[in-house]
Q: 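Quick one: structure below, then a few questions.
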2 protein chains.
Amino acid sequence: MNKSDLKMISVLERTGGFASAQELHQILRREGDGIGLTTVYRALQSLVDDKIVDLLRRDDGEAIYRLCGDGHHHHLVCKGCGQTVEIEGGAIENWATAKAKEFGFREVAHTAEIFGLCSKC
Amino acid sequence: MNKSDLKMISVLERTGGFASAQELHQILRREGDGIGLTTVYRALQSLVDDKIVDLLRRDDGEAIYRLCGDGHHHHLVCKGCGQTVEIEGGAIENWATAKAKEFGFREVAHTAEIFGLCSKC
DNA sequence: CACGAAAATGGAAATGATTATCATTTCCAA
DNA sequence: TTGGAAATGATAATCATTTCCATTTTCGTG
Ligand SMILES: [Zn+2]
Ligand SMILES: [Zn+2]
Ligand SMILES: [Zn+2]
Ligand SMILES: [Zn+2]
């Protein structure tokens, strides 16, 4: 956890929803920070490794990042403004376990996200 | 649905699980087909538009494609060999609807996939 | 069959995100 | 203070995907 990591956490907090590495870099530059693009990528990767930020993909494949709470959870994401709500998996957790067992799969993990328009959008 | 589209369906059937555009192109070339990379991308995109193949992303963001049955369903994917089983969403469908309503989201869609190791791997 | 328009094709160049290099700077403990 | 490790950032390299454009194929019509 070095200086750049903290800087990335700070800008992610301020921007709220998602952002790509390139966008975060531009934001910092605009604010007068001379941080290099290389360092932005390195810091984000480090935060992803430490499970402090989530990495997901835009439709075009570009990586986007967001701060993410501890523990296992899922997301409800607004397609309009990017606002993200962390939610419990509820019944999904059992569903995933049951389906995996049914087909003889081991060491299972799962992903589940809901996309839609929030009340403001 | 032109000649190239059918060719891509054929090679996807033969390879079974996932494959990237580059990989599918190489396979066809190896088989003596002189198809161009551009055409491979075009055909795959067309099949995705027609919902005949699924597009998802490798960890590094590269697009991978797979044949996909009709209607809404989810997947159980082997991390080892890529074997994919199409499964029903079951409890997920209600979970997604309920969570969306709870937070005032409209026009919702969802994704859910389970990853693990199949009995052979 | 012959002709022309429209669609399909594929090679080459352009694009753009991400990663690799590498010289320089910053940290920090001894 | 100092020597080495870690961090930094400019630049170049990579590589999937898209764009361009000239050529070929397809296909309906006369
Ligand atoms: Zn919104
Ligand atoms: Zn879960
Ligand atoms: Zn397997
Ligand atoms: Zn579903």
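Only a predicted model underlies this, so the values are computations on that prediction, with no experimental measurement involved. Numbers restart at 1 for each chain; the letters A, B, ... are given by sequence-line order, proteins then strands.
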Q: Taking 4.0 angstrom as the limit, do B:E86 and A:K99 come out as a salt bridge?
A: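 No, B:E86 and A:K99 are not salt-bridged.
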Q: Step through the shown structure and confirm whether more than 12 heavy atoms of other residues, nucleotides or ligands are within 6.0 Å of CD on B:E102.
A: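 Enclosed: over 12 neighbouring heavy atoms sit under 6.0 Å from CD of B:E102.
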Q: Would you jot down, in residue-number order, the residues of residues 38-60 of chain B having a non-hydrogen atom under 4.0 Å from DNA chain D?
A: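 Within residues 38-60 of chain B, the residues near DNA chain D are B:T38, B:Y41.
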Q: Is a side-chain donor-acceptor pair under 3.5 Å present for B:S20 with B:E62?
A: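 Yes, side-chain donor-acceptor contact under 3.5 Å.
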Q: Check the phosphate of C:dC27 against A:K3, side-chain N and O only, distance under 4.0 Å to OP1 or OP2. Yes or no?
A: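 Yes, within the criterion.
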Q: Is the phosphate of C:dT26 approached by A:N2 (side-chain N or O, under 4.0 Å from OP1 or OP2)?
A: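 No, outside the criterion.
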Q: Taking CG from A:L37 and C1' from D:dA12, how many angstroms apart are they, rounded to a whole number?
A: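 It is 13 Å, rounded to the nearest whole Å.
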Q: Distance only, no hydrogens: is a donor on one side chain within 3.5 Å (strictly under) of an acceptor on the other, for A:R14 and A:S10?
A: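 Per modelled atom types, A:R14 and A:S10 side chains form a pair under 3.5 Å.
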Q: How many whole angstroms separate atom NZ of A:K7 from atom C1' of D:dA7?
A: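 Rounding to the nearest Å, NZ of A:K7 and C1' of D:dA7 are 11 Å apart.
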Q: Rounded off to whole Å, could you give me the CD-to-P distance for the A:E62 and C:dT19 pair?
A: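 From A:E62 CD to C:dT19 P: 12 Å.
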Q: Between B:E23 and B:R29, is there a salt bridge with N-O shorter than 4.0 Å?
A: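 Salt bridge absent between B:R29 and B:E23.
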Q: A:D5 CG to C:dT26 P: how many Å, rounded?
A: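 Value for this atom pair: 19 Å.
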Q: Tell me whether the count of non-hydrogen atoms from other residues, nucleotides or ligands lying under 6.0 Å of CG in B:D59 goes above 12.
A: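 Incorrect, the count does not exceed 12.
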Q: Tell me the interatomic distance from A:M1, atom CE, to C:dC27, atom P, rounded to whole angstroms.
A: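 Spelled out: CE on A:M1 to P on C:dC27 is 18 Å.
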Q: Tell me, which of residues 18-36 of chain A have any heavy atom that sits under 4.0 Å from an atom in DNA chain D?
A: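 Within residues 18-36 of chain A, the residues near DNA chain D are A:R29, A:G34, A:I35, A:G36.
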Q: Check whether the side chains of B:Q22 and B:Y41 place a donor and an acceptor atom closer than 3.5 Å, and report yes or no.
A: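 Their side chains do contain a donor-acceptor pair, which is all the 3.5 Å distance test asks for.
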Q: Determine whether the side chains of B:H74 and A:H110 contain a donor N or O and an acceptor N or O closer than 3.5 Å.
A: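 The answer is no; no qualifying pair exists.
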